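Here's the structure, in structure tokens; my notes come after.
Treat the numbers as computed from the prediction; the structure is a model and nothing was measured. One-based numbering along the sequence shown. Both counts, for ligands and for their atoms, begin at 1 and track the order of listing. The analysis underlying the following values was restricted to heavy atoms, covering all of them including side chains, and did not include hydrogens, waters or symmetry mates.
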Amino acid sequence: MCRGCFQRISWTNDTCGLSGMTGKITASDSAIGIFDSGLGGLTVASAIAKRLPHENIVYLGDTARVPYGTRSPATVVRYARKNVSFLKQQGIKMVVVACNTVSAQGLGGLADGSLLPFLGVIRPGATLALDASSGGDIAVLGTRATIRSNAYELAIHEVQPTRRVHQIACPLFVPLIEEGWLENDVTRQIARTYLAPLADSNVDTVVLGCTHYPLLANILRDVLDEVVGPRVQLIDSATAVAKSTETLLAAHGLVRASHGGIRRFYVTDAPDRVASVAGQFWSEDGLESVKLEHIDLLDH
Ligand code: DGL
């Protein structure tokens with residue numbers, strides 16, 4: 001692929017907003033653009049920052065319009081295109097769609113003629129689940145839109161057409177998580193209700209098919225223990241996505257050689273309200289707080 005065709009080539013300190021950068025700027029200095037409907041994608045951004053500490057990162061959480069998972073495919077794609085367009089204006093070298101709901105609609109409609117590499121979360125998650133499973137059934141927990149798309153089942157069946165996949169929509173999880181209700185009895189009871197259909201199943205692997213859900217890992221592990229038994233493994237695709245990000249950057253000759261990556265975090269609404277929760281999604285060592293900047297995409 002012609003690297004000179006990438007939109008990011010014309011990027012400068014000003015356009016990327018990464019004002020801490022000094023010296024000669026090259027294409028590989030451009031940021032990795034990452035977005036989600038809200039804060040859940042920070043679980044992916046954090047895994048990427050951990051694996052690629054030298055990379056610049058621009059994160060966008062569309063907190064004005066979260067949740068996406070209850071909306072129609074056309075609306076999800078429309079919102080996602082706005083997010084991509086904002087990230088492109090920050091001078092990025094690739095896009096990581098850190099949202100299952102958007103990834104499940106396919107990435108084709110987002111590129112909009114750009115040659116930037118795009119990476120979604122479905123395939124890395126499906127591959128990790130197949131690798132982790134010992135041959136039992138695989139369950140996928142996701143938003144309504146993700147489950148309705150069948151994206152995980154299709155990705156799993158591409159590799160193993162006969163593997164049994166149970167899909168469960170868990171629409172109440174995202175609002176609970178965005179509220180920071182991670183360890184409480186209401187959340188636990190809701191998890192019990194959602195996971196009840198897995199009783200007596202042969203499930204040995206459960207995919208957290210929403211980038212918010214890793215924050216419920218403790219409760220989900222407990223409830224799966226009760227309902228299915230201790231053999232079940234939980235799959236969080238964040239580390240697999242981080243690995244794929246590195247592979248994709250290397251394939252395009254875009255790995256950043258310098259040290260000290262800069263991170264910027266944007267949300268489309270209520271930075272103050274969500275700031276207290278944001279830190280829980282970010283597990284990179286050494287980052288004391290996630291400083292959220294407000295960007296109004298509704299008028300963008
Ligand atoms: N975190 C998102 C996902 O992975 C979206 C949740 C939502 O907005 O409904 O699907």
field: Nearest-neighbour protein heavy atom for atom 1 (N) of ligand 1, which is reported as residue plus atom name and distance
entry: His212 ND1, 2.7 Å
message: Counting non-hydrogen protein atoms only, what is the nearest one to atom 9 (O) of ligand 1? Give residue, atom name and distance.
response: Gly69 N, 2.8 Å
field: Thr143 neighbourhood, listing ligand 1 atoms whose heavy-atom distance to it stays under 4.0 Å
entry: 6 (C), 9 (O), 10 (O)
Distance from atom 10 (O) of ligand 1 to nearest protein heavy atom, with residue and atom: Thr101 OG1, 2.6 Å
query: Should we say atom CZ of Arg144 is surrounded by more than 12 heavy atoms from elsewhere, each under 6.0 Å from it?
result: no
task: Answer yes or no: is there a side-chain heavy-atom contact under 4.5 Å between Arg148 and Pro73?
output: yes
query: For Asp269 and Thr63, does a side-chain donor sit closer than 3.5 Å to a side-chain acceptor?
result: no
statement: If you scan protein heavy atoms around atom 2 (C) of ligand 1, the nearest is Asp36 OD1, 3.3 Å
query: Should the heavy atoms of other residues, nucleotides or ligands under 6.0 Å from CZ of Arg192 be counted, would the total exceed 12?
result: yes
statement: Given the options Lys50, Lys93, Arg256, Glu55 meets salt bridge (charged side-chain N to carboxylate O under 4.0 Å, His left out) only with Lys93
- request: Determine whether the side chain, the backbone, both or neither of Asn100 has a heavy atom under 4.0 Å from any heavy atom of ligand 1.
  value: both
message: If we only consider heavy atoms of Cys99, is any one of them less than 4.0 Å away from an atom in ligand 1?
response: yes
task: Could you list which atoms of ligand 1 come closer than 4.0 Å to a heavy atom of Val66?
output: 8 (O)
field: Of Val96, Thr146, Val97, the residue whose pairing with Ser103 passes side chain to side chain contact (heavy atoms under 4.5 Å, CB included)
entry: Val97
task: Starting from atom 5 (C) of ligand 1, locate the nearest protein heavy atom and write down its residue, its atom name and how far away it is, to 0.1 Å.
output: Ser37 OG, 3.2 Å
statement: Per-atom filter on ligand 1: closer than 4.0 angstrom to a heavy atom of Tyr68 are 7 (C), 8 (O), 9 (O)
- prompt: Would you call Phe86 and Asp62 a side-chain contact if the rule is heavy atoms closer than 4.5 Å?
  reply: no
